[in-house]
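Quick note on labels: first sequence line is chain A, next is B, and so on, each numbered from 1.
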Protein chains: 2
Amino acid sequence: MSDQAPSIADAQFEGTGYSYTMSLIRGKYKMAILYCLMEFQPVRFNEMRRYLGRITDKTLSANLKELEADGLIARQEYPQIPPKVEYSLTELGESLMEVLDQLCTWGETHMSGSVVAP
Amino acid sequence: MSDQAPSIADAQFEGTGYSYTMSLIRGKYKMAILYCLMEFQPVRFNEMRRYLGRITDKTLSANLKELEADGLIARQEYPQIPPKVEYSLTELGESLMEVLDQLCTWGETHMSGSVVAP
DNA sequence: CGGCATCCGTGACGATACTG
DNA sequence: CAGTATCGTCACGGATGCCG
């Protein structure tokens, strides 16, 4: 039931797919990490840190854990010296990137107000 | 430097369309505001505040100003007593919503599998 | 190399009161 | 009704140091 036109009076943002998706990619670096993986996976910890610019170990580490917990990325650890860990996108992560990639396209199209020369 | 495949060594996230798009919708409520407008525009200030749940006047006001400055939403003020202001999406805002709407769809599809019990 | 522990700064956001 | 002003809080992220 209740399949009538939604009214703003009782509508809610919480609980929408929107809200859920945003919770996954919130944060200064979440999307950058995913973007990095999409283009260069598998990627090692320090590779990614360099790519992201000024991110700190702590922040990167925390973000990677969250993304892993959310099922978007996979962590592959090689028990050796020196340690080696590679990150990559899961199937879920890849499916999300297909959508997020369009955000990139949109941004490139519309940031023209401030075209940044290469 | 030829036009070979990009290497992670000198790639950068800053400056991508991605980065630009995210800068527009960052924040706890930015997307919720846009989403609200997409479904119910034009929307008045207090209507939106109720829709967004626990947002304060200050935060809502600040976010609306930013979105307006970014050209995503339009503000229509009616000089009368009591005051009346309506917000709606600009063409640019609408074009962004077409993309963001897919985030919603993705979220609805994938949040069912990993519902986190409260 | 790939982390974790700790301390700390900042800015987004909340609560409340007030104004045109 | 549609904000503005002021204050307080807290998560996010930065800097540094240590460890397997």
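- Counting heavy atoms from C-beta on, the side chains of A:R75 and A:V85 come closer than 4.5 Å.
- A 4.5 Å side-chain heavy-atom check between A:L103 and B:L100 finds at least one atom pair inside the cut-off.
- With contacts defined as side-chain heavy-atom distances shorter than 4.5 Å, the pair A:I25/A:L96 qualifies.
- Here the straight-line distance linking atom CG of A:L60 with atom CD1 of A:I33 works out to 5.0 Å at 0.5 Å rounding.
- Nucleic acid contact class of B:Y78 (heavy atoms, under 4.0 Å, all strands): none.
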Write down the protein N/O and nucleotide N/O pairs, taken from nucleotides 12-16 of chain D, whose separation is under 3.5 Å; answer none if there are no such pairs.
residue, atom, partner, partner atom, Å
D:dG13, OP1, A:K28, N, 2.4
D:dG13, N7, A:K58, NZ, 3.4
D:dG13, O6, A:K58, NZ, 3.2
D:dG14, OP1, A:Y29, OH, 2.8
D:dG14, OP2, A:T59, OG1, 3.4
D:dG14, O6, A:K58, NZ, 2.2

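- In this structure, the CE atom of B:M48 is 10 Å from the P atom of D:dA2, given to the nearest Å.
- Residues forming a salt bridge (charged side-chain N to carboxylate O under 4.0 Å, His left out) with A:R26 (at least two apart in sequence, or on another chain): none.
- Ion pairing between A:E66 and A:K30 holds under the 4.0 Å rule for side-chain N and carboxylate O.
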For a quick test of your reading: what N or O donor-acceptor pairs under 3.5 Å do the side chains of residues 36-48 of chain B make, sequence neighbours left out?
residue, atom, partner, partner atom, Å
B:E39, OE2, B:Y35, OH, 2.9
B:Q41, OE1, B:L89, N, 2.8
B:Q41, NE2, B:E94, OE2, 3.2
B:R44, NH2, B:P83, O, 3.4
B:N46, OD1, B:R49, NE, 3.4
B:N46, OD1, B:R49, NH2, 2.9
B:E47, OE1, B:R44, N, 2.9

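- Looking only at atom types and distance, the side chain of A:T59 has a donor-acceptor partner in the side chain of A:T56 under 3.5 Å away.
- OP1 or OP2 of D:dT4 has at least one side-chain nitrogen or oxygen of B:K65 nearer than 4.0 Å.
- Direction of the helix axis in the helix from C:dC1-D:dG20 to C:dG20-D:dC1 shifts by 50° between the two five-pair termini, rounded to 10°.
- Nucleotides of DNA chain C lying under 4.0 Å from heavy atoms of chain B occupy a range whose first and last members, 5' to 3', are C:dC13 to C:dG20.
- With no hydrogens or angles considered, a side-chain donor-acceptor pair links B:Y78 and B:E86 at under 3.5 Å.
- Applying the salt bridge (charged side-chain N to carboxylate O under 4.0 Å, His left out) criterion to A:E91, with sequence neighbours excluded, gives no partner residue.
- Heavy atoms from other residues, nucleotides or ligands lying under 6.0 Å from CD of B:E14 number 12 at most.
- Within 4.0 Å (heavy atoms only), B:R49 reaches no atom of the nucleic acid at all.
- Between B:R44 and D:dA2 there is a side-chain polar atom (N or O) within less than 4.0 angstrom of OP1 or OP2.
- The separation between A:F45 atom CZ and D:dG20 atom P is 18 Å, rounded to whole Å.
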